[in-house]
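What follows is a set of notes on a single structure, which appears directly below.
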Amino acid sequence: MTTARFDTLLVANRGEIACRVMRTARRMGLRTVAVYSDADASARHVREADEAIRIGPAAARDSYLNVEAVVEAAQRSGAGAIHPGYGFLSENGAFVEALDAAGIVFVGPPAAAIAAMGDKSAAKARMANAGVPLVPGYHGHDQDDALLRSEADKIGYPVLLKASAGGGGKGMRVVESGADFQAALDGCRRESQAAFNDARMLIEKYLTQPRHVEVQVFCDSHGNGVYLFERDCSVQRRHQKVLEEAPAPGMTAELRREMGEAAVRAAKEIGYVGAGTVEFLLDSSQGSSQERDGAFYFMEMNTRLQVEHPVTEMITGQDLVEWQLRVAMGETLPLKQDELTISGHSFEARLYAEDPLQDFLPATGTLTRFAMDLAGAGLSSYEKGRARVRLDSGVESGDAVSMHYDPMLAKLIAHGDDRDQALATLNRALAALDVQGVVTNRAFLQRLATHPAFKAAELDTRFIERHHATLFAAEHPTTEEYASAALIALDQLGHERESDSPWDRHDGFRLNAPHGIRIALCDRQDETSTIVVEGTRESDAAPWCLTIGSETLTASLQPLEGDAVAITLDGHRRRLQARLEGDNSIVMVDPRGESRRLWRRIDAIDHGHHEVESTLTAPMHGTVVALLVEAGQKVEKGMPLMVMEAMKMEHTLTAPADGQVESFHFAAGDTVGQGDVLLEFTPDE
Ligand code: ADP
């Protein structure tokens, strides 16, 4: 690893971290070079850089993970150093070696230090040497089935099987009892072999209520090392962090020093240089988070800057990227251990483009708006010279969110004099965040950050799991949401009708016809809680009259720019983004970024004629999907008779009265024109 002065920094990353690193680099007078894939040609990090170089197609493995292309970009731009950010090439030893060979400074540790921590088993052996406490377990070379089983028995269940080469939560399995061991071992090995091409396993005691507490360390190339205190990152989903804070609640000065010193020992053991994070599990099963037995165990060391580094910056007043760049230039650490202090408390919330209600499924789209109105939320961004709220973002209004990369859009960081104040500030800032056009976890973050258990700092890594019921409390769609979705469906039907001119010649399904239209909407595809919206309208100019359950509302819709609409319900006008998706769902996103998805089903179109007819006509041009009764069959009013499909929706035609179906004029699969007589029907007297 080379350290040398440089005046141009290439940032081999994208999104918020690329923007954040360049911000400090610029402040230090460095020229900044971005790299980009085809998907990112006009991304924010490219716009903000002094120069930017294309490194390949959208897929990360062909661009941001392409060592050769990144090294070439550095050479082409004359960059003397590369900052890798996190993820991508940040923990890739071969990349560091390639930079060493090219005489380019890597802003990070030597390749050997990355290698030492890259393998979990080898790392544990080194840590044991350095006197860093480990979770009781087995991390030996011998991988014999019987031996592993006897080691697991010795440790005592539950145990955690982990892939030695693992990362990102892959190849990890909890084993509850000896009887389950072999099957879990086989499964874990297969997963690890597939993901890392390496099937070696280690076994750890599985802590049932641990907190994830990590220590920020820093070393320079002159043998100095310090710790910048700890962060609690216990709130995780699928072993991924969502909310982080510093300092860790309930920490005593003594435990802080013990953990800090163990972390620095860990770093020194492997000849570390730069910013690193030593992750520990803190056993909180004994006592509350305020009074623990203080047992902590080394988990792993991340040999790079972490996503959550800003909370450390907020409480120490230091710029960790500046420290990284100074160390890479060969300088000594800016401060000594006893010059570092903690001031106040800080939180970070990670804003993801994802839908927590759909198992955190990543979302894509165009951010029609991405803004934070701090003044409006009663927050000023600077107070006493220190930022109270910080938004580290990789996107701006108008940017596209693609499926190629991590769905993290931004990080919202808040600082306060104490934990309560910092949390209140975080909550206000979350409310002030205005994201439109893409579904995000913003509301979920608010639910987390206002949760009583979180407020009380009752933290452990299963927080989200344990509080699932309250965090995901089924929020049933409101009458307003059903009404809005019904209007959007009606509007869409109107457009589809206009593009199909024969429609207008008939009076079957006419939106402005004086009869009711019934639209069934459900809030989950499988958990069908169907609500029927009945609408009538006298003329195009008059609003709809919607009946939802026992409520009746006057309603109108006005299309605005793009996919925005204004919906007025009983005189209350609201703006929404509305989108129709291929699965017949209507996605509505309100100005606070809250999204709601409802599936539309037109189960029946009520002709509204009061005398019962002896024929049933096709309400629209479409295809007959199924006949549900036999000719000659007696039916009751409302009984489904046949199913038609049109405009990608199924429509069930029901019996207009009690009576008998005499005959059908069409069979399943037939195409029918709008107004065609479908069946003969004799109503009972
Ligand atoms: P990866 O490298 O795949 O991210 P880690 O070893 O860092 O895996 O563990 C990820 C997460 O799994 C931790 O943050 C913690 O929540 C949980 N975990 C890891 N080891 C244990 C353990 N021994 N007991 C309980 N939970 C654990």
Side-chain angles (χ1 to χ4, degrees), residues 86-87 90-92 114-128 132-139 148 151-152 154-176 184 187-189 191-196 198-215 230-245 248 259 263 266 276-286 289 292-293 295-304 306-308 350 406 459-467:
Y86 49 70
S90 62
E91 293 179 284
N92 183 318
I114 294 178
M117 286 298 175
D119 182 276
K120 287 185 202 281
S121 297
K124 289 186 83 168
R126 300 267 311 248
M127 292 303 103
V132 179
L134 302 179
V135 189
Y138 173 80
H139 52 265
L148 292 178
E151 290 292 337
K154 254 192 266 166
I155 297 162
Y157 297 92
V159 299
L160 185 63
L161 274 169
K162 272 191 199 180
S164 293
K170 284 200 199 90
M172 244 165 66
R173 224 168 269 214
V174 180
V175 190
E176 299 289 349
C188 236
R189 275 182 175 152
E191 208 171 303
S192 176
Q193 183 65 39
F196 313 108
D198 183 331
R200 286 170 308 127
M201 289 290 137
L202 62 90
I203 312 172
E204 284 178 3
K205 173 89 195 146
Y206 182 67
L207 307 179
T208 49
Q209 242 186 300
R211 286 169 64 186
H212 174 119
V213 175
E214 57 184 35
V215 177
E230 77 287 346
R231 297 181 282 258
D232 191 310
C233 314
S234 298
V235 181
Q236 307 180 345
R237 57 154 175 81
R238 291 203 220 104
H239 302 303
Q240 282 183 329
K241 300 160 187 167
V242 183
L243 266 183
E244 301 103 339
E245 62 183 293
M259 289 181 78
T277 296
V278 184
E279 298 189 333
F280 294 103
L281 286 174
L282 185 62
D283 197 348
S284 64
S285 56
Q286 260 109 37
S289 58
R292 73 185 41 78
D293 62 353
F296 64 90
Y297 309 101
F298 171 83
M299 195 163 33
E300 67 171 350
M301 179 169 184
N302 289 320
T303 53
R304 54 171 162 83
Q306 301 270 91
V307 174
E308 60 274 20
R350 299 188 187 192
D406 190 271
L459 305 169
D460 74 78
T461 56
R462 300 210 325 219
F463 185 91
I464 292 180
E465 220 176 304
R466 204 144 36 77
H467 297 290

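Counting convention: from 1, in listed order, for ligands and their atoms alike. Because the structure is a prediction, the values reported are computed rather than measured.
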Presence of salt bridge, K241 and E214, under 4.0 angstrom: yes

Could you check atom 22 (C) of ligand 1 against the protein and tell me its nearest heavy-atom contact, residue, atom and distance included? L281 CD1, 3.3 Å

List the closest protein heavy-atom neighbour of atom 7 (O) of ligand 1: residue, atom name, distance to the nearest 0.1 Å. E300 OE2, 2.9 Å

Relative to the heavy atoms of H212, which atoms of ligand 1 are at a distance of less than 4.0 Å? 14 (O)

Verify whether one side chain among T461 and Q236 offers a donor that lies under 3.5 Å from an acceptor in the other. no

Return the residue, atom name and 0.1 Å-rounded distance of the protein heavy atom closest to atom 9 (O) of ligand 1. M299 SD, 3.8 Å

Which heavy atom of the protein is the closest neighbour of atom 20 (N) of ligand 1, given with residue, atom name and distance? K162 NZ, 3.1 Å

Distance, nearest 0.5 Å, that separates NZ of K205 from CD1 of I155: 8.5 Å

Those atoms of ligand 1 less than 4.0 Å from some heavy atom in E279: 7 (O)

Near Y206, which atoms of ligand 1 are under 4.0 Å from a heavy atom of that residue? 24 (N), 25 (C), 26 (N)

Check: L207 N/O within less than 3.5 Å of ligand 1 N/O: yes

Among side-chain atoms of Q306 and E244, is any donor-acceptor pair under 3.5 angstrom? no

Looking at E204 and K124, is there a salt bridge between them, counting it only when a charged N and a carboxylate O are closer than 4.0 Å? yes

What's the shortest distance from atom 2 (O) of ligand 1 to any protein heavy atom, and which residue and atom give it? K120 NZ, 2.5 Å

For Q240, which residues count as a side-chain contact (heavy atoms from CB on, under 4.5 Å) partner, sequence neighbours excluded? R237

Ligand-residue contact atoms, ligand 1 with Q236, heavy atoms, under 4.0 Å: 14 (O), 16 (O)

Nearest to atom 3 (O) of ligand 1, what protein heavy atom do you find, and at what distance? G169 N, 2.5 Å

Per-atom filter on ligand 1: closer than 4.0 angstrom to a heavy atom of M172 are 8 (O), 12 (O)

Would you find a donor on one side and an acceptor on the other, under 3.5 Å apart, between the side chain of E230 and the backbone of A248? yes

Can you find a non-hydrogen atom of K241 under 4.0 Å from ligand 1? no

Distance check, rounded to the nearest 0.5 Å: K162 atom NZ versus M201 atom CE? 12.0 Å

Rounded to the nearest 0.5 Å, how far does NE2 of H139 lie from CZ of R200? 12.0 Å

Taking only residues two or more places apart in sequence, or in another chain, which ones meet R173 in a salt bridge (Lys or Arg N to Asp or Glu O under 4.0 Å)? E191

To check your reading of the model: name the closest protein heavy atom to atom 11 (C) of ligand 1, its residue, and the distance in Å. H239 ND1, 3.6 Å

Considering only heavy atoms of K205, which atoms of ligand 1 have at least one such atom less than 4.0 Å away? 22 (C), 23 (N), 24 (N)

